Each structure stands twice: as structure tokens, then as C-alpha cells.
2 protein chains.
Amino acid sequence: MIKKDRERKGISQKEIARILNVSTATVSLALRNSEKVNEKTRVKVKETAELLNYRPCEIARSLILNKTWSIGLIIPCFSIIYYSELTDAIQKRFREQNYLIITLSADTPEKRKEAITVLLNRKVEGFILPKINPDELYWLKKEKAPFVLYDRPEDSDYTDYNFVCVDKFKGAYKATEHLIKTGYKKIGFLCEIRVDEPRKRGYIEALIDYGMKIEKEWIIPGAGYYKDGYNGAKEILKMKKRPEALVCLNDISAIGAIRAFQEENIKVPGDIAIIGFDNVKEGIYSLPLLTTVDQMVEKVADEITNLLIETIENNKKEKRQIIIEPELVIRESCGCEIKEKEGVTGKNNGGDEE
Amino acid sequence: MIKKDRERKGISQKEIARILNVSTATVSLALRNSEKVNEKTRVKVKETAELLNYRPCEIARSLILNKTWSIGLIIPCFSIIYYSELTDAIQKRFREQNYLIITLSADTPEKRKEAITVLLNRKVEGFILPKINPDELYWLKKEKAPFVLYDRPEDSDYTDYNFVCVDKFKGAYKATEHLIKTGYKKIGFLCEIRVDEPRKRGYIEALIDYGMKIEKEWIIPGAGYYKDGYNGAKEILKMKKRPEALVCLNDISAIGAIRAFQEENIKVPGDIAIIGFDNVKEGIYSLPLLTTVDQMVEKVADEITNLLIETIENNKKEKRQIIIEPELVIRESCGCEIKEKEGVTGKNNGGDEE
DNA sequence: TCCATTTTTTAAAACGATTTTAAAAAACGC
DNA sequence: GCGTTTTTTAAAATCGTTTTAAAAAATGGA
């Protein structure tokens with residue numbers, strides 16, 4: 001039933017051409033301000049288009065031009081603040097370049113594959129993807145669409161892929177170093193379960209570089225959720241020999257830990273210093289304000305945009321790896337600079353939902 | 001330059017037809033499992049398609065079928081948690097129905113208009129929009145695309161529009177009532193600056209219904225940001241006659257208020273009870289855990305999906321307004337459990353044992 | 001074998017644009 | 001007025017798919 005709903009269809013160049021008694025070629029050229037049509041005609045066409053509320057059909061353009069100006073972005077979840085901040089940043093940049101970002105959330109390999117397939121069928125010109133596993137990478141390579149990962153792929157020859165990521169090793173190193181320099185001697189780490197996690201290596205290396213002893217018991221595994229921080233802190237409270245500072249794998253678990261300590265009347269900072277990782281908005285809702293490591297969302301978005309657009313428009317084949325250095329954000333939770341009470345005016349105050 | 005980049009193009013039905021020496025009609029029908037082609041042919045076509053990694057071109061399908069299976073969703077900002085939760089919920093539902101949600105953020109009328117235009121040119125079949133002003137509504141009406149607002153439009157005959165929203169009046173009423181029933185007599189309200197705000201009316205009406213006095217000074221205006229709650233609390237601390245409970249227009253400002261009180265060693269709850277509005281994830285990061293009013297994101301998403309898909313697929317012209325009743329989420333910040341327990345203990349035992 | 005059905009296949013048109021080719025119209029010189 | 005050059009426009013091809021209507025092939029009955 002091709003012609004059903006005709007009344008809902010908009011007007012086309014053909015219609016304008018019919019009305020003005022010119023050819024569709026003239027209309028097409030006039031609308032794109034071609035020098036090939038004389039001015040009077042051009043003005044007339046544009047006026048009529050305006051009058052009839054003409055909307056160019058991007059679909060038809062895409063088909064003939066073999067260009068969709070769309071990019072697929074896959075994130076694990078919208079409501080994890082880090083990803084929504086990234087989405088915001090990426091979207092803003094691509095829109096400036098006239099590309100449309102289509103964001104889909106998918107948190108398992110299966111869902112990711114499904115989402116990517118949907119987008120491939122829609123002929124997106126490229127993808128921005130989270131860290132994905134080697135199987136997925138292999139599958140993706142068979143498709144012709146270029147992509148940029150926003151984390152470094154593991155267990156693969158990473159020079160085969162475009163990616164942009166922050167140097168988590170260095171971030172954890174800086175965090176640990178900050179605690180050491182502030183004067184803490186006994187430093188624990190709330191780590192990810194995964195063994196060869198760069199953050200963990202950064203923590204350990206900093207301790208080694210500053211000649212400090214590594215206390216196995218103080219490396220507490222978790223998954224990075226609020227409750228992991230909470231439980232980790234409770235774990236610490238059970239120890240005979242407690243650390244006096246704690247590096248956390250992310251802000252959310254750091255906040256969980258803070259809450260657990262406060263519940264038991266352990267002061268943060270004072271009794272224990274805590275440093276997070278991400279610099280996510282939640283950090284400015286916490287009491288004390290969270291000292292953390294900034295993941296540089298804006299910079300990451302910048303690099304992703306440049307890299308992907310260059311790849312698409314110049315049909316670049318070489319892959320590039322961009323690693324961004326994270327920065328320390330010193331607030332209250334490590335107690336080094338308590339006087340600076342600017343919590344209220346911090347980065348993006350969050351806000352009303354309407 | 002129509003044929004540039006040919007090497008990047010995928011293979012088409014035409015190509016499959018050429019290889020198998022059949023017509024494109026046969027290929028098209030076979031791929032969609034039509035009964036019109038006999039099984040042998042169908043299998044052959046599908047095998048070949050699989051082998052060549054054929055990807056249907058949704059663009060071409062859209063053009064001929066006049067159907068894009070896409071919906072535009074405009075939100076003010078990704079990184080306000082309420083909107084990302086809504087996005088997640090909406091996206092999930094539409095994907096089940098084979099629609100693609102294209103989410104764009106835009107926080108001013110101009111940006112919204114631009115975003116909507118982009119999506120109109122891409123021929124989305126409908127929109128999901130935030131509360132927009134009458135000018136925008138008027139402009140939108142001229143376009144043929146159906147839309148659903150996820151808040152109630154103001155200053156307009158709202159029966160002209162589809163919308164789905166939570167009953168904020170009732171939410172605020174419930175929040176206030178909860179405080180009253182818990183035993184608080186002096187209740188303040190952190191309100192939006194806007195005069196005829198439903199939440200404010202809910203607060204006032206509850207006070208009236210329970211025969212309580214309205215203390216003008218305790219109605220503190222703000223914009224709903226973290227800092228507004230923070231500043232509002234500081235305001236309260238300056239008063240000679242302070243409220244003993246505070247209804248906040250949203251969770252974020254409630255958390256801001258909590259922080260301000262805690263800074264001055266005012267206990268929440270205990271010295272002052274605080275109730276939020278939204279039931280946003282931040283509420284479970286706070287200490288105390290925030291008692292709040294749930295905005296029912298999942299239900300809102302459900303209703304939006306049903307309403308919009310029905311409008312699109314059945315070409316419904318009548319507009320519908322769906323109002324959802326919010327629910328109280330009782331956690332720690334109003335201390336009701338503690339009070340109730342005390343109350344119950346008192347009544348039952350009249351006793352003075354610990 | 002032949003005709004009438006039924007099943008299977010296909011050519012051609014359509015969707016809304018862009019681009020190319022070629023022809024028509026206008027401008028110009030002699 | 002005619003030939004040549006320049007400007008403008010019309011017509012046709014194209015993109016990848018779906019659909020219609022008609023042709024071709026297979027089947028069945030007499």
C-alpha cells in the first residue's frame with residue numbers, strides 16, 4: 001500500500017516545480033543557491049518553498065548522495081552520569097559539523113550487536129563505541145563502517161583500532177601521589193575485580209616509586225558501584241590495622257565509602273582521606289566535596305570527533321590511538337585544602353527536571 | 001560526484017539478483033519470506049544474502065514505504081539524571097516496537113526549533129518533547145508530525161495536545177501530608193520562582209486541609225538547582241522562627257539543603273526533616289537517604305510510548321492527556337520511622353525502658 | 001494433448017531527491 | 001540576419017527498495 005497516508009506527506013520539489021512551471025532540476029539547483037539558475041528564478045523558487053513550508057527530504061538526498069550524515073554512538077547506559085556527560089559533549093560537537101548522533105544504550109555484547117546492526121541498516125557513516133571484546137571487534141571489522149572506541153580495547157593488537165581514552169594508569173598514579181604528598185602513609189585501594197586493571201597498576205607503582213610498603217589487605221576488590229564502596233569501607237572498619245587514606249576506582253564507589261564511614265562516625269577527611277576517579281557531578285553533592293581525578297570528558301569528545309570525521313571524510317585507513325592525561329581535582333575529601341569552600345558554585349550545578 | 005566511494009557501498013538486492021539471475025522483485029520478496037516465491041528460490045536468495053553479508057538499506061525502504069520507524073526525542077540535557085532515566089526508559093520501549101529513538105538535547109526555544117527541524121528533515125514520524133512555550137506549539141502544529149509532550153503545556157488550551165505528566169500538585173500534597181502525619185507542625189517549602197506552580201499549590205492546600213497556618217516567610221523561592229537548596233537552607237538558618245520540616249521542589253535542591261544544614265551541625269532529620277521530589281538516583285547517595293516523591297519514570301515512558309505509537313499507526317487525531325499519580329518513597333530524611341517507632345513504643349508501653 | 005487453474009517469476013513504475021547531458025534560449029559580433 | 005558563444009532549462013539516469021500487473025511456468029483434469 002504505497003500511497004496510503006498521502007495527506008500526511010509533505011510537499012516535494014516536484015510539487016514546487018509543477019506550481020512554478022519549471023523543472024525539478026531548476027528547483028533543486030535553486031534551493032541550493034546554485035549559480036546556474038538566474039536570480040529571479042532562484043528567489044521565486046525559494047519563496048514558494050518557504051510559503052509551502054517545504055522540508056527537504058534528507059532520505060532521498062542520502063540515497064542519491066550515498067551520505068547519511070549520521071553517526072551511531074553506543075553507550076552502556078544513559079543514567080550513568082559519565083556516559084551522559086560524554087553523550088552531551090559528543091553530540092554538541094558533531095552537530096556543529098552537521099552530523100547527527102544517534103545514541104543507543106546497550107550493555108551486553110548481544111544488545112550491542114543488535115544495536116549496531118540497526119544502525120548499520122540505517123547506513124550510519126561511523127560508530128563511537130565503548131570498550132568491546134575481541135569477538136565484537138572481529139565482527140565489526142567485516143563491516144565497512146569506520147569506528148572509534150572511547151576506551152582502549154584489551155586482549156587485541158590495539159594499534160589495529162582507533163581509540164581515544166584517558167590514561168587511567170596515570171590518573172591512579174596521580175591520585176596516589178597526591179595522597180602521599182599530602183602526608184598520608186597508609187594508603188588503601190578500592191579496585192576493580194579485573195586483575196590487570198591499569199588503575200591498580202598506577203596505585204601500586206606510585207607506592208613503589210615513593211618507597212612505600214604495599215599492604216595486600218588494603219587492596220579491596222569491587223565492581224565500582226555505590227554499594228561496593230559502601231561494603232569496602234565496612235571491610236576496612238573490621239581491620240585491626242586500618243589505612244588512613246583510600247584511592248577509589250571511581251567517584252560513585254568513593255561516595256559509597258564516605259557514607260559508610262560517616263555512618264560509623266569515622267570522619268572524612270580526618271580519620272580517613274578518600275579520593276575518587278571520574279570527576280562526575282555527584283562529587284559536588286557529597287559532603288565533604290570529593291577530591292578526584294578528572295576524566296576530561298570534553299577533551300575526549302573533541303578527539304573522538306576529530307578522529308572520526310577525519311576518517312570518514314578523508315577515507316583514512318590508518319588507525320590512531322589517542323591517550324589523554326587526566327587531571328587532579330582537589331576538593332575536600334583528602335583534607336589538604338579545606339579552606340576553599342566553593343562547593344556551591346562547582347562545575348554544572350545539576351538542576352531542575354523541567 | 002554521484003559514484004564516488006563506490007567501493008565503500010554495500011551490496012544490494014540488485015547485486016544478489018544479478019548473481020542468481022533472478023529479478024530484484026524476487027529477491028525483495030524472498031528476503032521478506034513472502035509466500036509468493038517458492039521455497040527453493042527463497043532459500044537460495046537468503047543464503048546468498050547471508051554469504052555476501054547483505055544489509056538491507058533502510059533508507060531506500062523508508063523512501064518507498066513512506067515510513068522511517070524513527071521518533072525524535074528532545075530533552076533539555078543528558079546529564080540531568082531525570083532526563084537520562086527517562087531517555088533510557090523511552091528508548092527501551094520503542095526499540096521493542098521496532099522504532100528508533102533519536103535523542104537530541106536542546107535547552108532553549110531556538111535550539112529546540114533547530115533540533116526539531118533537523119529531525120523533520122529526516123522524516124521522523126513523531127516527537128516526544130518537553131514542556132515548550134505557546135509559540136513553539138503554534139509553530140509545531142503547522143508541521144504534520146504528531147507529538148507527545150512529557151509535561152503539561154501552560155498558557156494554552158491543553159486539550160489541544162497530547163501529553164503525559166505526573167500530577168505534581170498531588171505529589172507535593174502527598175509530601176506535605178506525609179510530614180504532617182509524621183508529626184511536624186512547622187513546614188516550609190522550597191519552591192520554584194514561578195508563581196502558579198502546581199507543587200506550591202499542593203503544599204499550600206495540604207496545609208489548609210489539615211488546618212495548619214501558612215507562614216509566608218517559610219516559602220523560599222529558588223530555581224531548583226543544588227545551590228538554591230543550599231542557599232535556601234542558609235536562609236532558614238537566619239530566621240528567628242525556623243520550620244522543623246522542609247518540602248523541596250526537587251531532589252537536587254533537597255540535597256543542597258541537607259548539605260547546608262549539616263555544615264552548620266543541624267541534624268537531618270532530628271533538627272529538621274527534609275523531603276525531596278523526583279526520586280532520582282542521587283537520593284540514594286545522600287546521607288541521610290532522601291525521602292522523596294517518585295516521578296514514575298517507567299510509567300511515564302510506558303504511557304508516552306503507547307500514546308505516540310497509537311497516534312502514528314492508527315493516524316489518530318484526537319488528543320489525549322494522561323496524568324500519573326506520583327508515589328511517596330519513604331527513606332531516612334524525614335525521620336518518620338524513628339518518630340513512628342518512638343510513638344508506637346510510647347503508646348504501647350507507656351514505658352521508660354531503653 | 002489441450003485448456004483452465006494455480007503457482008511462480010518478472011518488468012516496470014514509484015518514492016524524492018541530485019546530477020548529467022543535451023537542447024533551447026538569449027546575447028553578441030560581424 | 002546569421003553564426004557563434006554563453007546562459008538557462010528540460011529530460012533522463014540514478015540511488016535501493018517495494019509493489020502492481022502481467023507474463024511465464026507448472027499443475028491438473030478431461
Side-chain angles (χ1 to χ4, degrees), chain A residues 1-45 49 52-69 120-123 125 144, chain B residues 1-45 49 52-69 120-123 125 144:
Chain A
M1 231 155 264
I2 292 194
K3 296 217 182 168
K4 198 180 137 191
D5 285 342
R6 170 169 274 296
E7 79 277 4
R8 242 163 70 180
K9 271 202 216 165
I11 69 126
S12 61
Q13 293 189 358
K14 205 191 225 170
E15 186 76 358
I16 297 175
R18 197 183 54 74
I19 290 170
L20 294 180
N21 211 23
V22 295
S23 73
T24 62
T26 308
V27 176
S28 173
L29 293 170
L31 288 173
R32 277 170 302 127
N33 298 316
S34 162
E35 305 263 312
K36 287 187 182 172
V37 306
N38 85 358
E39 194 173 336
K40 254 194 274 178
T41 318
R42 201 195 317 164
V43 169
K44 209 170 52 179
V45 168
L52 298 178
N53 202 23
Y54 165 76
R55 300 252 163 243
C57 179
E58 287 294 340
I59 292 175
R61 293 193 78 212
S62 291
L63 192 57
I64 187 74
L65 295 176
N66 193 29
K67 183 133 185 67
T68 58
W69 297 277
L120 279 171
N121 293 352
R122 302 237 172 188
K123 307 299 167 190
E125 298 185 50
K144 55 236 150 292
Chain B
M1 228 155 268
I2 292 192
K3 295 217 184 169
K4 198 178 138 191
D5 284 341
R6 167 170 278 294
E7 78 277 4
R8 244 166 65 181
K9 270 202 220 166
I11 70 125
S12 61
Q13 294 188 359
K14 206 191 223 167
E15 186 77 358
I16 297 176
R18 198 182 54 75
I19 290 171
L20 294 180
N21 210 24
V22 296
S23 73
T24 63
T26 305
V27 175
S28 173
L29 292 169
L31 288 173
R32 279 171 300 132
N33 298 315
S34 163
E35 305 266 309
K36 288 187 182 172
V37 306
N38 88 356
E39 193 171 336
K40 254 194 275 178
T41 320
R42 201 193 319 165
V43 169
K44 208 171 51 180
V45 168
L52 299 178
N53 201 24
Y54 165 76
R55 299 250 164 244
C57 179
E58 287 294 340
I59 292 175
R61 295 193 75 212
S62 291
L63 190 57
I64 188 73
L65 295 176
N66 193 28
K67 182 130 185 70
T68 57
W69 297 278
L120 279 171
N121 293 350
R122 303 237 173 187
K123 309 297 167 189
E125 298 186 50
K144 56 242 147 287

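Source: prediction; values computed, not measured. The sequence lines fix the lettering, A, B, ..., with proteins before strands; numbering per chain opens at 1.
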A.B. asks: By a strict heavy-atom criterion of less than 4.0 Å, which residues belonging to residues 12-23 of chain B are in contact with DNA chain D?
C.D. replies: B:S12, B:Q13, B:K14
A.B. asks: So, using side-chain hydrogen bond (donor to acceptor under 3.5 Å, both in side chains) as the criterion, who are the partners of A:S12 when residues are at least two apart?
C.D. replies: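 Expected list: none.
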A.B. asks: Under 4.0 Å between a side-chain N or O of A:Y54 and OP1 or OP2 of C:dG16?
C.D. replies: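 Looking at the OP1 and OP2 atoms of C:dG16, neither is under 4.0 Å from any side-chain N or O of A:Y54.
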A.B. asks: Nearest nucleotide by nearest heavy atom, which residue falls closer to the 5' end of DNA chain D, B:I59 or B:A25?
C.D. replies: B:I59
A.B. asks: What is the distance, rounded to the nearest whole Å, between atom CD1 of B:I11 and atom P of D:dC15?
C.D. replies: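 Checked: the CD1 to P distance equals 15 Å.
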A.B. asks: For A:N121, check side chain to side chain contact (heavy atoms under 4.5 Å, CB included) against everything at least two apart and list the hits.
C.D. replies: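 Scan of A:N121 (side chain to side chain contact (heavy atoms under 4.5 Å, CB included), adjacent residues dropped) gives A:T117, B:R55, B:P56, B:E58.
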A.B. asks: With respect to the phosphate group of C:dT19, does any side-chain polar atom (N or O) of A:R32 fall under 4.0 Å of OP1 or OP2?
C.D. replies: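 Result: yes.
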A.B. asks: Quickly work out the B:L31 CG to D:dT17 C1' distance and round it to whole Å.
C.D. replies: 11 Å
A.B. asks: Just verifying a value: how many Å separate A:L52 CG and A:I11 CD1, rounded to the nearest 0.5 Å?
C.D. replies: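 It is 4.0 Å, given to the nearest 0.5 Å.
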A.B. asks: So which pairs with a foot in residues 16-26 of chain B pass side-chain hydrogen bond (donor to acceptor under 3.5 Å, both in side chains), sequence neighbours left out?
C.D. replies: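 The answer is B:E15-B:R18, B:S23-B:T26.
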A.B. asks: Show the nearest heavy-atom pair for residues B:K123 and B:T68, with the distance to one decimal.
C.D. replies: O-OG1, 2.7 Å
A.B. asks: Mind checking side-chain hydrogen bond (donor to acceptor under 3.5 Å, both in side chains) for B:R122 and listing every partner two or more places apart, or none if nothing turns up?
C.D. replies: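 A:S70.
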A.B. asks: Calculate the interatomic distance between B:L29 atom CG and D:dT17 atom P; express it in whole Å.
C.D. replies: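 Value for this atom pair: 13 Å.
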A.B. asks: Whole angstrom is fine here: how far is it from CG in B:L63 over to P in D:dT14?
C.D. replies: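 Between P of D:dT14 and CG of B:L63: 17 Å.
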A.B. asks: Go through the structure and list residues passing salt bridge (Lys or Arg N to Asp or Glu O under 4.0 Å) with A:K67, not counting sequence neighbours.
C.D. replies: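 Result, salt bridge (Lys or Arg N to Asp or Glu O under 4.0 Å) vs A:K67: A:E125.
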A.B. asks: Tell me: NZ of B:K67 to C1' of D:dT17, nearest whole Å?
C.D. replies: 16 Å
A.B. asks: Could you tell me if the side chain of A:K36 sits less than 4.5 Å from the side chain of A:S34, heavy atoms only?
C.D. replies: yes
A.B. asks: Side-chain N or O of A:S28 versus OP1/OP2 of C:dT18: is the shortest distance under 4.0 Å?
C.D. replies: yes
A.B. asks: Please report, rounded to the nearest Å, how far the C1' atom of C:dC15 is from the CG atom of B:N66.
C.D. replies: 8 Å
A.B. asks: Please round to the nearest 0.5 Å and tell me the distance separating atom SG of B:C57 and atom CG of A:L120.
C.D. replies: 12.0 Å
A.B. asks: Please report the distance, rounded to the nearest Å, between CZ in B:R61 and C1' in D:dT19.
C.D. replies: 13 Å
A.B. asks: Rounded to whole Å, how long is the line connecting atom CD1 of A:I64 with atom P of C:dA17?
C.D. replies: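 Checked: the CD1 to P distance equals 12 Å.
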A.B. asks: With the criterion being N/O to N/O and under 3.5 Å, what pairs connect the protein with nucleotides 4-8 of chain C, and how long is each?
C.D. replies:
none

A.B. asks: Classify A:T26 by what it touches in the nucleic acid, base, sugar-phosphate, or nothing, heavy-atom distance under 4.0 Å.
C.D. replies: sugar-phosphate
A.B. asks: Out of curiosity, B:R42 CZ to B:L29 CG, how far, rounded to the nearest 0.5 Å?
C.D. replies: 10.5 Å
A.B. asks: Working to the nearest 0.5 angstrom, can you tell me the gap between B:I64 CD1 and B:I59 CD1?
C.D. replies: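 One finds 14.5 Å between CD1 of B:I64 and CD1 of B:I59.
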A.B. asks: Rounded to 10°, tell me the angle between the two end axes of the helix from C:dT1-D:dA30 to C:dC30-D:dG1, each built from five pairs.
C.D. replies: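 It comes to 60° between the two terminal axes.
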